[in-house]
Amino acid sequence: MNKDYNRLDNTKTYLVTGAAGFIGFYLSRKLLEQGCKVIGIDNLNEYYDVKLKHARLEQLKPFEKFTFMEGDISDKAAIDTLFKEYKPNIVVNLAAQAGVRYSIENPDAYIQSNVIGFYNILEACRNNPVEHLVYASSSSVYGANKKVPFEETDLVDTPVSLYAATKKSNELMAHTYSHLYKIPASGLRFFTVYGPMGRPDMAYFGFTDKYFAGAPIKIFNNGDFANDLYRDFTFIDDIVEGIERLLSNPPAGGRDAAHKVYNIGNSNPEKLMTFITTLEKCLSKSLDREVVFEKVFEPIKPGDVPATYASTERLEEAVGFKPKTAIEDGLQQFTDWYCKYYKKQ
Ligand SMILES: NC(=O)c1ccc[n+]([C@@H]2O[C@H](COP(=O)([O-])OP(=O)(O)OC[C@H]3O[C@@H](n4cnc5c(N)ncnc54)[C@H](O)[C@@H]3O)[C@@H](O)[C@H]2O)c1
């Protein structure tokens, strides 16, 4: 493992887009705790409960070096002004319309935020040079690829959702800008991120909501446990540590574009059913009584992929780190937070 990577530089100004979002919040907090200056932008949209976004922001506001702007990355003039005013050294673009299934019914939001919004960030980085642009891609770019683990060198030209197509487009656009305008850029393919204060649209959160609502949970795996879906579930702290380590380590340029993509995933895929039974156990422990979800099995949904499994060799080589949190630990932190936050007994 490479231990010679550059450590976080707390004299820099970091722009975090999507700062009120799940990953953006935790990253901003970690940077602020280490004395960095953080400029956060978020449009606080209502894709999921806005109260949760405000609750995250409340935790960031006490930091003196935190500045928040409510705004949309698809607003080119606003992004230009923000770059001119704050002159960020390092930009982390996490603002996006997330969610695979939602993209089937609501394509507009994906083009607006993920394509136009990201283009505005690239243009701003071109006109106001930055030391490193780090941006969120997704494991969904691997589509229905069969070869596992997924490696960054695998072909990813066959996305199965518009969400995945926008993320793959981001990688192509970043590569071009890096090549033409010498913008050092790193694209991060996150693998199913979970944790306290996570996204209510994600399965583990929704299952917990359903349990307390007295409703059955729907599991989209055909009820076929022998061929169950596999997911590389990655705990939020591991994602944040991976991003943090990469921030001061932009890819080298030379003759090639200074652009690289990295998987950040647990590299230890779990069967969906194992994840669900672990969630039941963790919730039982949080509540000190036995929890068993009522389950309904349904066919796999369009856009969903059968397996995700990250190779983390490239990340390890670059910054000497790979995600390590076991689902037993990560889900326990989630259920403990959930019961406290929503006052469940
Ligand atoms: N959580 C995961 O499992 C996962 C997996 C792969 C990739 N990602 C990617 O990581 C990034 C962060 O994901 P997250 O889980 O924190 O999602 P999130 O939805 O919690 O955070 C995104 C934030 O961006 C904001 N936003 C959306 N569109 C915007 C716009 N046009 N302008 C300004 N703000 C906007 C939203 O209000 C939200 O607060 C996203 O790009 C997502 O696609 C997440």
Side-chain angles (χ1 to χ4, degrees), residues 8 12-34 36-63 65-75 78-79 82-83 86 88-99 109-110 112-114 117-118 120-121 124-125 130 132-138 163 166-167 170 185-202 205 234-247 262 264 334 337:
L8 182 78
K12 306 280 180 193
T13 299
Y14 294 82
L15 169 64
V16 178
T17 76
F22 175 36
I23 301 173
F25 155 66
Y26 279 104
L27 177 69
S28 300
R29 199 176 70 179
K30 184 108 187 257
L31 297 180
L32 289 162
E33 282 167 353
Q34 292 174 79
C36 302
K37 187 170 174 189
V38 176
I39 314 300
I41 178 171
D42 199 297
N43 67 0
L44 300 175
N45 69 54
E46 295 183 355
Y47 167 61
Y48 63 76
D49 186 9
V50 187
K51 279 194 236 142
L52 198 51
K53 297 184 183 180
H54 284 290
R56 296 181 187 128
L57 280 181
E58 281 309 308
Q59 290 196 31
L60 299 180
K61 280 181 187 159
F63 288 94
K65 289 188 172 175
F66 181 62
T67 305
F68 180 69
M69 190 183 127
E70 185 171 343
D72 200 303
I73 60 164
S74 67
D75 179 344
I79 293 302
L82 189 142
F83 270 72
Y86 295 105
N89 307 106
I90 295 172
V91 174
V92 188
N93 187 59
L94 298 170
Q97 179 57 55
Y110 291 78
Q112 190 71 17
S113 293
N114 304 10
F118 188 60
N120 290 340
I121 296 293
C125 291
V130 298
H132 196 185
L133 165 64
V134 176
Y135 65 94
S137 180
S138 164
Y163 170 67
T166 62
K167 291 295 181 180
N170 288 172
S186 300
L188 311 181
R189 295 175 177 170
F190 300 137
F191 284 66
T192 318
V193 190
Y194 72 98
M197 286 205 133
R199 273 181 24 214
D201 62 315
M202 292 186 69
F205 204 122
T234 316
F235 189 57
I236 182 67
D237 291 3
D238 288 333
I239 292 287
V240 170
E241 179 153 5
I243 304 175
E244 185 200 326
R245 286 185 184 227
L246 283 167
L247 290 174
Y262 295 92
I264 309 192
F334 166 71
W337 164 78

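In what follows, residues are counted from 1 in the order of the sequence shown.
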Between [X] and [Y], is there a donor-acceptor pair closer than 3.5 Å when you use the side chain of the first and the backbone of the second?
X    : Y    : answer
T17  : L94  : yes
Q59  : A55  : no
R56  : M197 : yes
K30  : E241 : no
Y14  : L32  : no
N114 : A96  : no
K53  : E46  : no
N93  : L133 : no
Y110 : A98  : yes

Kindly give the heavy-atom pair with the smallest separation between [X] and [Y], and that separation in Å.
X    : Y    : value
L52  : Y48  : CD2-CE1, 4.5 Å
L188 : L246 : CD2-CD1, 3.5 Å
C125 : V91  : SG-CG2, 4.3 Å
L57  : A20  : CG-CB, 3.8 Å
D42  : A19  : OD2-N, 3.5 Å
I236 : P196 : CG2-CD, 4.4 Å

Parallel, tilted or perpendicular, as decided by the 30° and 60° cut-offs, for the rings of F118 and Y135: tilted
Plane angle bin for F68 and F66 - parallel if under 30°, tilted between 30 and 60°, otherwise perpendicular: parallel
Interatomic distance, [X] atom [atom1] to [Y] atom [atom2] [nearest 0.5 angstrom]:
X    : Y    : atom1 : atom2 : value
I243 : S186 : CD1   : OG    : 11.0 Å
M202 : T192 : CE    : OG1   : 5.5 Å
I73  : N43  : CD1   : CG    : 8.0 Å
L15  : I79  : CG    : CD1   : 7.0 Å
H132 : I90  : NE2   : CD1   : 7.5 Å
S74  : I121 : OG    : CD1   : 10.0 Å

Check against ring pair (Phe, Tyr, Trp, His ring centres under 6.0 Å), F235 and F334: CA-CA 10 Å; F235 189 57; F334 166 71; 9.8 Å; no
Derivation of the side-chain contact (heavy atoms from CB on, under 4.5 Å) call for S28 and V38: CA-CA 7 Å; S28 300; V38 176; 4.0 Å; yes
Pair Q97, S113: side-chain N/O donor-acceptor within cut-off below 3.5 Å: no
Indicate yes or no: at least one non-hydrogen side-chain atom of [X] is less than 4.5 angstrom from one of [Y].
X    : Y    : answer
H54  : L44  : yes
I39  : P88  : no
F190 : T234 : no
L31  : L247 : yes

